[in-house]
Amino acid sequence: MLRVYNTLTRKKEEFQPLEPGAVKMYVCGPTVYSDAHVGHAMSAIVFDIIRRYFEYRGYKVQHVMNFTDVDDKIINRANVLGVDPFALGESLIRDFRLHLDDLHILPATANPRATQTMKEILAMIQGLIDKGYAYAADGDVYFRVTKAADYGKLSGRKLDDMQAGARVEVDQHKEHPMDFALWKAAKPGEPAWDSPWGKGRPGWHIECSAMNLHELGEQIDIHGGGNDLVFPHHENEIAQTESFTGQQFARYWLHNGMLQLGGEKMSKSLGNLITIKDFLAKRDGDVMRMLVLNGSYRAPLTFNDEVLDSAEQGLERIKSGLRPAAPTAAGASPEALSALSTQAKNTQQAFTEAMDDDFNTAGALGHIFDLVRAINTARDAGATGEQLQPAQKTLRELTSVLGLRLAEKTSSGDADKFVDLLVEVRTEMRKQKLWALSDVIRDKLAALGVTIEDSKDSTRWRWG
RNA sequence: GGCGUCGUGGCCAAGUGGGAAGGCAAGGGUCUGCAAAACCCUGAUCACGGGUUCAAAUCCCGUCGACGCCUCCA
């Protein structure tokens, strides 16, 4: 039984899809006004793992991730750069997609954009006005929060409490300080679309509601995003969509925790961010994923060089389990092989149990390391490639559910042949006990990125 | 001020009533010509103080601390 933590109820609940065997999942993507940072990567990786796990469990997943491509910040930044806001968004979306690929994140089944959903946005706003949930004022349109009886149910807030906080902007157009914009009247020089209320553009929240409705229908299984979106964004989405359709919107609300850099949330507004591009220039995409897997997706995640180094070493360890049998392997005992296959079976089961419990990746990873150890023990006991194969296949399968690539480094070009030759020559030297010379070759190759591992009667090497 | 999450060995962290997973780092060992890799071994009064219970890291109350949201944010 798969259980997920639902922000709406603050409890873990059994996952029951609207339609058997299918999952409709909508995840809030970035607003494209500057380079995406590793916090965006974390969120994308979290929901990629969730999606992969659902697919592993046999569900057909519709995974929608939007791009917000019209918004104040995009316009401001485009003005600063002196470029067209749409061109800016376009190029950032292109970059983001490349990053997702480098991070081994499966492409969403749909990537709607605000600017391409304008018809649906306008229809929804009109519908909300018709039903009395929204009102036009001076070219703007606002949502009437007092009309939505359960406004605040996701974030656990009450309208009265929020007013007490007094950090709500005062706007004479609004009936209630917490009313929020569905449509914003255009200022001179801004991108604008025609509407019954004059030229303008959509507010931030309505686009997600409209895209959801358009791509997935009135009800969805899972709505996801960072926990900084719980209020006001997701709260407002619920208010809009449920007021419009008259029924429950998303059954399960899943939120990932924030990446912490130096004890603080990484964010664009704080400016303490590391872009995905900078990260990938230094580390493999698997490292970021490993970091996410080692923690709990709902909790804050520490991000620094120490934990990244640790993640990198952990990956090496998993890879050790995938390495081939010794060339001279004579075969392991039946007891050893039986222990290996038992461990593979147990690992598979324990993995599923962990992941079924609200995607407990840290637990799942622990079980995977048990299998790694069992494989390495069997290899040390002389298991042949054929004998290791079933367990290694299980290891591959489970790690790929988590989205790990686990690629061994390779060289481009013909270098391998020359390394083979050097290693061959070195083997001769070792036979003649020319240790000093052998060690020089080993050191120099290491400097070139080749790792040499000798055993009693054979030598193997690899990049990295 | 309001709402919420959390505090587990040097670091990251799983576990939410009855054995304190796992990874990284460190130390010791096996193997090796030496290394490396692999394997084995070594380590925790579970923030603090009360309470409930035969039994608490886990439930309840309190204290302290950290972080998030309440304004755009993954």
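Computed from a predicted structure; not experimentally measured. Chain A is the first sequence line, chain B the second, and so forth, proteins listed ahead of strands; every chain is numbered from 1.
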What residues in [range] put a non-hydrogen atom under 4.0 Å from any atom of RNA chain B?
| range | result |
| --- | --- |
| residues 372-392 of chain A | Arg373(A), Asn376(A), Thr377(A), Asp380(A) |
| residues 354-364 of chain A | Asn360(A), Ala362(A), Gly363(A) |
| residues 222-235 of chain A | Gly225(A), Gly226(A), Asn227(A), Asp228(A), Leu229(A), Phe231(A) |

If a pair satisfies ring pair (Phe, Tyr, Trp, His ring centres under 6.0 Å) and one of its residues is in [range], list it, with sequence neighbours excluded.
| range | result |
| --- | --- |
| residues 297-316 of chain A | none |
| residues 340-366 of chain A | Phe54(A)-Phe359(A) |
| residues 257-290 of chain A | none |

Q | Crowding at NZ, Lys277(A) (>12 non-hydrogen neighbours, <6.0 Å) | A | no

Rounded to whole angstrom units, what separation is found between the [atom1] atom of [X] and the [atom2] atom of [N]?
| X | N | atom1 | atom2 | result |
| --- | --- | --- | --- | --- |
| Leu371(A) | A38(B) | CG | P | 15 Å |
| Met258(A) | A66(B) | CE | C1' | 17 Å |
| Glu207(A) | C72(B) | CD | P | 13 Å |
| Leu301(A) | G68(B) | CG | C1' | 14 Å |
| Phe67(A) | A74(B) | CZ | P | 12 Å |

Q: Could you list all the salt bridge (Lys or Arg N to Asp or Glu O under 4.0 Å) pairs where at least one residue sits in residues 373-388 of chain A, not counting sequence neighbours?
A: Asp370(A)-Arg373(A)

Q: Keeping to residues at least two apart or across chains, list the salt bridge (Lys or Arg N to Asp or Glu O under 4.0 Å) pairs with something in residues 27-48 of chain A.
A: Asp48(A)-Arg52(A), Asp48(A)-Arg289(A)

Q) Nearest of A74(B), C69(B), A35(B) to any side-chain atom of Arg442(A)? A) A35(B)

Would you say the side-chain atoms of [X] and [Y] include a donor-acceptor pair closer than 3.5 Å?
| X | Y | value |
| --- | --- | --- |
| Gln348(A) | Glu397(A) | yes |
| His255(A) | His234(A) | yes |
| Glu207(A) | Thr117(A) | no |

**Q.** Residue list, side-chain hydrogen bond (donor to acceptor under 3.5 Å, both in side chains) with Thr115(A), at least two apart or on another chain
**A.** Asp69(A)

Q) Looking at Leu402(A), Leu404(A), Leu293(A), which one forms a side-chain contact (heavy atoms from CB on, under 4.5 Å) with Ile368(A)? A) Leu402(A)

Q: By nearest nucleotide on RNA chain B, pick out whichever of Asp454(A) and Gly39(A) is the more 5' one.
A: Asp454(A)

Q) So which one's nearest nucleotide on RNA chain B is more toward 5', Leu365(A) or Ser296(A)? A) Ser296(A)

At a cut-off of 3.5 Å, list every protein nitrogen or oxygen paired with a nitrogen or oxygen from nucleotides 24-31 of chain B, distance to 0.1 Å.
unit_1, atom_1, unit_2, atom_2, d
C24(B), O4', Ser310(A), OG, 3.3

**Q.** Base-contact (B) and sugar-phosphate-only (S) positions in nucleotides 2-9 of chain B, heavy-atom cut-off under 4.0 Å, - elsewhere
**A.** BSS-----

Q. For G33(B), does either OP1 or OP2 sit under 4.0 Å from a side-chain N or O belonging to Lys431(A)?
A. no

Q.
Which residues pass the ring-ring contact (aromatic ring centres under 6.0 Å, His included) test with Phe180(A), not counting sequence neighbours?
A. Phe143(A), His205(A)

(Q) In whole Å, measure the gap between the P atoms of U8(B) and G49(B) for me. (A) 16 Å

